[in-house]
Amino acid sequence: MDRKRAKERIEELREEIRQHDYLYYVKNEPEISDDEYDELFKKLQALEEQFPDFQSENSPTQRVGAPPVDELPDVEHTAPMLSLQSSHQEKEARDFHDRVLRGLGEQGEVAYVAEPKFDGASVELVYEGGALDRAATRGDGQVGDEITENVRTVGSVPLRLMGEARPVPDVLAVRGEILISIENFEDLNQRLINEGKEPFANPRNAAAGSLRQLDPSITAQRPLEIYVYDILYLEGGDVGSQWEVLGALRDWGFRVSELSKRLDSFEEVIRYHDDMEDRRDRLNYEIDGVVIKLNDLAAREDLGSTAHHPRWAFAFKFPPRKEITHVDRIIPSVGRTGIVTPIAMLRPVQIGGVTISRASLYNIEQLHKKDIREGDKVRVQRAGDVIPQVVERIEEDGEERQPPFEMPEVCPSCGSVLKRRGPFVICPNSFGCPAQLAGRIEHLASRNALDIEGIGEETAQLLVKEGLVEKLPDLFDLTEEEVLSLEGFAEKSSRQLIEAIDGARKVELRRFLYGLGIPEVGQTVARDLAHHFQSLIALREASLEDLEEVPGIAHKMAAAIHGFFKGQASQEMLDELLDEIDLIEPDIPEQQPLQGLTFVFTGGLETWSRSEAQDLVERHGGNATSSVSGATDYVVVGDNPGSKLDEARERGVETLDEGAFKSLLSSKGVDFA
Ligand code: IVH
């Protein structure tokens, strides 16, 4: 390919990938499969490698993480990043509204925009000429830490603005919140705990900590997301209201909350707050209130700001979710990985409408550090769906305390002698311990793995206790009669469970890998492994070195994964599971002659029917797709071609007639006679 064509191709691929990133991360409506996406990505990478002077820091390939730095430099904000006046008292919110009316000399109502108050890390993103130029933490509001390279790794942050619906401004600075979803937070903490590291106290700390890494490739491994809600500075554009701001941000390709609303009276604002408080637990990220903003930007100017906060906005917060209660008992609980976790059994307490009676104390070191003992008075915190935590002990005068809790010597579930590994106590009986098996069943059935509805903690424990499942693969041999014999199951629910299990037999490789509960393998790593190895066979055969080659997989992780696949018990379990399960895997063995090439056929061929030709391509490792895209390498043109030929010409994709197609096959060593 000549330089001119390569440059065009690189731009086309970037644009196409950007569009798919947008559909995937921002709209949550992907239009192509992971493999098709990968294909595009690899093509772009290859061209950028071949033509390094066309590389650009805003290319989608540059999201993987730049080299580490020694410190995060200071950067001044384009406009001060102010704080908000806030309270969870309704009266204070009404007082704010009164001040707004008075300040504007209004009698009746003014329009507001109400938005969720995201509980994450506040950032400024600056775009110049439509390209992401820099990003910063809030810092003291005037000066923050520069985190551009880290922010670049966040999939939902556009690296270039979209200009179809609205012209791209010359300079744009926006403010938004970087978050980690509750689900991903739990995954991340589990990973950190497994690595012997401190878990984060809550999703906000996890987001902020991940953003301030000195090594962007660590940030790239963290499942960060963004919601954008404000324009800090705009040059070469015009907006008149907050509602228009949100629309403009959407048009430029930012992720803007669908929950934001334009409201015409303050009573509606109060209802919005109450409604969001009800919905709070069903969101998969944390919000700690709603932000109320005067809609009209000119009126905002009139009201102005103090040094600390704008007079036109208010954070109407939800009541705190920390409560005080007592620890009745501390019990050791064995999880699916064999780690024995001390659990505080609490005197039941209501936090944000949910009764809490158990909280994790993580591990024996954490427990001793916080010095929590049976009978103590403690502060407990609940964050979304996250397992409640004991935050701290509250000292009481003259109290007589119980002795410190000590871990048992043997596993409370199977009686094996427990082992100590760093701060953790572990039951070594991986394949024989009923508690571990129940944990593994629950994990395999969980939403992000095989997604078997009807198998939660309780059912998993019951299946093990009643001896119906003695090893993971037994799950797939269950019959309706057996399930019916379990406490709490009736005919309909038994049938539904068996149907759900059957429905889960066909599963994508990455979900299956995640569901296996391999040490160190959360959703992200499972996905990376599936992408890299493409098939379970390849992964099972991978050497330690092969595993270490997967981007983002460090030595320790690689060793754990390798250990799992080489262990005899896990090999047997896998073989048995594979008899029951039909893996959907992108199974392309390496070094196939047409590997990496994508063909589109149009018009009739003499030698083959359309589907025979497609089969031929796919059997030899190529892709055959039905529409011409940036990923297409060749369009094979037969008699009476359709519009695909025009598309090929428009996009400059190479076309082949039947003879040329055959020559190509021969030159690649494909035997088609
Ligand atoms: S507007 C000057 N909108 O809440 C007004 N802030 O102190 C700028 N926050 O750290 C803030 N969700 O990061 C605004 N929808 C939202 C928000 C939001 C969360 C954060 C913000 C700030 C804190 C308030």
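When reading the values below, keep in mind they use all heavy atoms of this one structure, side chains included, and skip hydrogens, waters and symmetry mates. Only a predicted model underlies this, so the values are computations on that prediction, with no experimental measurement involved. Note that ligands are numbered from 1 as they come in the structure, with each ligand's atoms numbered from 1 the same way.
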Among Glu76, Glu146, Glu128, exactly one meets salt bridge (charged side-chain N to carboxylate O under 4.0 Å, His left out) together with Arg134. Which residue is that?
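Only one of Glu76, Glu146, Glu128 forms a salt bridge (charged side-chain N to carboxylate O under 4.0 Å, His left out) with Arg134, namely Glu128.
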For atom 12 (N) of ligand 1, find the nearest protein heavy atom and state the residue, atom name and distance (0.1 Å precision).
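Looking only at protein heavy atoms, the one closest to atom 12 (N) of ligand 1 is Phe118 N, 3.0 Å.
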Give the residue, atom name and distance (to 0.1 Å) of the protein heavy atom nearest atom 24 (C) of ligand 1.
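Nearest neighbour among protein heavy atoms for atom 24 (C) of ligand 1, to 0.1 Å: Leu84 CD1, 3.5 Å.
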Given the side-chain rings of His77 and Tyr233, with only the six-membered ring counted for Trp, is the space between their centroids under 6.0 Å?
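Between His77 and Tyr233, the centre distance exceeds or equals 6.0 Å.
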Centroid-centroid distance, Tyr514 to His443, less than 6.0 Å
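Distance test on ring centres: under 6.0 Å, yes.
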May I ask you to identify, for [X], whether its side chain, its backbone, both or neither come under 4.0 Å of ligand 1 on a heavy-atom basis?
X	answer
Tyr229	side chain
Lys293	side chain
Arg175	side chain
Lys117	both

Return yes when [X] approaches ligand 1 closer than 4.0 angstrom through a heavy atom, no otherwise.
X	value
Pro310	yes
Pro116	yes
Ser83	yes

Parallel, tilted or perpendicular: which describes the rings of Tyr285 and Phe118, with under 30° parallel and over 60° perpendicular?
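Judged by the thresholds at 30° and 60°, the geometry between Tyr285 and Phe118 is tilted.
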What orientation do Phe96 and Tyr112 show, parallel under 30°, tilted 30 to 60°, or perpendicular over 60°?
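Because their plane-to-plane angle lies in the 30° to 60° range, the rings of Phe96 and Tyr112 count as tilted.
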Regarding ligand 1, does [X] bring an N or O atom to under 3.5 Å of one of the ligand's N or O atoms?
X	answer
Leu82	no
Asp230	no
Ser122	yes
Val291	no

For Ala313 and Leu84, work out which heavy atoms get closest and say how close.
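Closest approach of Ala313 to Leu84, heavy atoms only: CB-CD2, 3.7 Å.
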Considering only heavy atoms of Glu115, which atoms of ligand 1 have at least one such atom less than 4.0 Å away?
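Here the atoms of ligand 1 in question are 3 (N), 15 (N), 16 (C).
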Donor-acceptor pair, distance only, cut-off 3.5 Å: does the side chain of Glu109 make one with the backbone of Phe266?
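The answer is yes, because a donor-acceptor pair under 3.5 Å joins these two groups.
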Can a donor-acceptor pair be found between the side chains of Gln389 and Ser360 at a distance below 3.5 Å?
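Result is no, nothing qualifies.
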Check: Gln19/Glu31 side-chain N/O donor and acceptor closer than 3.5 Å:
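The answer is no; no qualifying pair exists.
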From the candidates Arg300, Glu177, Lys317, the one that places a heavy atom nearest atom 20 (C) of ligand 1:
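Minimum heavy-atom distance to atom 20 (C) of ligand 1 goes to Glu177.
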Determine, step by step, whether Phe41 and Leu13 satisfy the side-chain contact (heavy atoms from CB on, under 4.5 Å) criterion, reporting the C-alpha distance in whole Å, the side-chain angles of both residues, the deciding distance to 0.1 Å, and the verdict.
CA-CA 8 Å; Phe41 202 85; Leu13 283 165; over 6 Å; no
